[in-house]
Amino acid sequence: MNPVTLIQRLPKAELHLHIEGTLEPEMMMMLAQRNRISLPYGNVDEIRAAYNFSDLQTFLDIYYAGAQVLNKAQDFYDLTSAYLKRAADDNVRHVEIFFDPQTHTERDVEFATVIDGIDGALQDGQSQLGITYRLIMCFLRHLSAEAAMATLEEALAFKDKIHAVGLDSSEAGHPPSKFASVFDRARTEGFLTVAHAGEEGPPAYIREALDLLKVERIDHGVRCLEDPALVQRLVDEQMPLTVCPLSNVKLRVFETLGQHNLKRLLQRGLCVTINSDDPAYFGGYIGENFLRTQQALNLNDADIHALARNAFTASFLSEADKQRHIAEVDRAMISL
Ligand code: HPA
Ligand code: ZN
């Protein structure tokens, strides 16, 4: 069976996607002009040439600078719409996307502006492209717990539009424990929780995310293999890992895709999913992540099938919707 056809045809869910990370150089230039913002780049080639990262922090510096072109609700709308159209080409049926309000409110862009633009595009994407969605608000972990708490309080006015909270940005030195009380409050307010852990940070951060933040999923989590007892716990709990292979290579978590541990994670019985993280910066959307990983690790049909099913299982969809999508995944496998 041709894996290229199989991967293209499979219905997909994307669970680890930063909407600010879908800002393609062309849109960055367009928004800079529209908002009269000067960029340190003359053209899209210069922007692309700057995307040579040595670790998470060197990426984040460029990523936060790029996000400055996002100012009006229309900008957030255009960004989100472009992502959804691209996702539809990869046969994505459901998305759970992150946004970083603090990247914008710190620049005096109103919380409501960010939400209106993103949520408006998500609603239109559902009616026009049939892509269902959940929105996840991330706290920037390099900022204080007090700043995160203030952001959570601001978000309460938009509770109906935000399903879960997460934790992103510079991992090392900013353990989940720093945000335990913020996440306690978030859960009390009815939000589900997820957290980036075990991308650059140690397995102990994954344990903290489970024990202190009571997360439903671990974002990345690839460093869990350094701690066999933790792996056993993740298997027993079927705790989903939202793995982002091309991101991990760009940020040098693994030197090459061939050295990525995704296949070992799958073989160990973990609930692994494939996602694109920040596709405009890391060189590929979800389909490309599937394809390149399949080729580099020689994933077989059963691996691909499990990855596609896991994404729906690990989603925040209702049980009935999960089963409907999974049945469709199973049919796509058979009909080839
Ligand atoms: N890790 C942490 N923070 C992020 C990432 C990531 O991969 N992408 C965007 N913010
Ligand atoms: Zn991420």
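As the structure is a computational prediction, the values presented were derived from the model and not from experiment. Side chains included, hydrogens not; waters and symmetry mates left out as well; all remaining heavy atoms used. Along the sequence shown, the residues carry numbers beginning at 1. Start at 1 and go down the list; that is how both ligands and their atoms are numbered.
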### Query
If you count the atoms of ligand 1 from 1 in the order shown, which ones are under 4.0 Å from a heavy atom of D278?
5 (C), 8 (N), 9 (C)

### Task
Establish, from distance only, whether the side-chain atoms of S170 and Q57 form a donor-acceptor pair under 3.5 Å.
yes

### Query
Is D277 close to ligand 1, meaning an N/O of one under 3.5 Å from an N/O of the other?
yes

### Over 12 foreign heavy atoms within 6.0 Å of CD, Q295
yes

### Task
Would you mind telling me which of F98, Y205, F139 makes a ring pair (Phe, Tyr, Trp, His ring centres under 6.0 Å) with H196?
F98

### Query
For ligand 1, which part of E171 has a heavy atom less than 4.0 Å away: the side chain, the backbone, both, or neither?
neither

## Note on the structure
Any heavy atom of F98 under 4.0 Å from ligand 1? The part involved is neither

## Note on the structure
Of all protein heavy atoms, the one nearest atom 3 (N) of ligand 1 is S169 N, 2.8 Å

### Query
Counting both backbone and side chain atoms, is some N or O of Y64 under 3.5 Å from an N or O of ligand 1?
no

### Task
Taking atom types as modelled, find out whether E216 and T193 have a side-chain donor-acceptor pair closer than 3.5 angstrom.
no

### Message
Closer than 2.8 Å to the Zn ion (ligand 2): does that hold for any N, O or S atom in H16?
### Response
yes

### Query
Side-chain donor-acceptor pair under 3.5 Å between N310 and T313, yes or no?
no

### For E199, the ligand 1 atoms whose distance to one of its heavy atoms is below 4.0 Å
1 (N), 2 (C), 6 (C), 7 (O)

### Query
Does the N or O separation between H16 and ligand 1 drop below 3.5 Å for any pair?
no

### Query
Does D100, backbone or side chain, put an N or O under 3.5 Å from an N or O of ligand 1?
no

### Query
Among protein heavy atoms, which lies nearest atom 5 (C) of ligand 1, and at what distance?
H18 NE2, 3.6 Å

### Query
Quick check: does D277 have an N/O/S atom under 2.8 Å of the Zn ion (ligand 2)?
yes

### Query
Does the side chain of D278 come under 3.5 Å of the side chain of S276 through a donor N or O and an acceptor N or O?
no

### Query
Closer than 4.0 angstrom: is that true for some heavy atom of E20 and an atom of ligand 1?
no

### Query
Is there a donor-acceptor contact under 3.5 Å linking the side chains of H104 and E106?
no

### Task
Verify the distance criterion only: is there a donor paired with an acceptor across the side chains of H142 and S169 at less than 3.5 Å?
yes

### Task
Measure the distances from the heavy atoms of G21 to every atom of ligand 1 and state whether one is below 4.0 angstrom.
no

#### Entry: F59: numbered ligand 1 atoms lying under 4.0 Å from its heavy atoms
8 (N), 9 (C)

### Message
Assess, by modelled atom type and distance only, whether the side chains of Y77 and D124 contain a donor and an acceptor separated by less than 3.5 Å.
### Response
yes

### Query
Do any N/O/S atoms of H220 come under 2.8 Å of the Zn ion (ligand 2)?
no

### Query
Which single N/O/S atom of H196 lies at minimum distance from the Zn ion (ligand 2)?
NE2

### Message
Between the side chains of R185 and E153, is the shortest nitrogen-to-carboxylate-oxygen separation below 4.0 Å, so that they form an ion pair?
### Response
yes

### Numbered atoms and elements of ligand 1 in range of H196, under 4.0 angstrom, heavy atoms
1 (N), 2 (C), 6 (C)

### Query
Between the side chains of D321 and H94, is a donor N or O closer than 3.5 angstrom to an acceptor N or O?
no

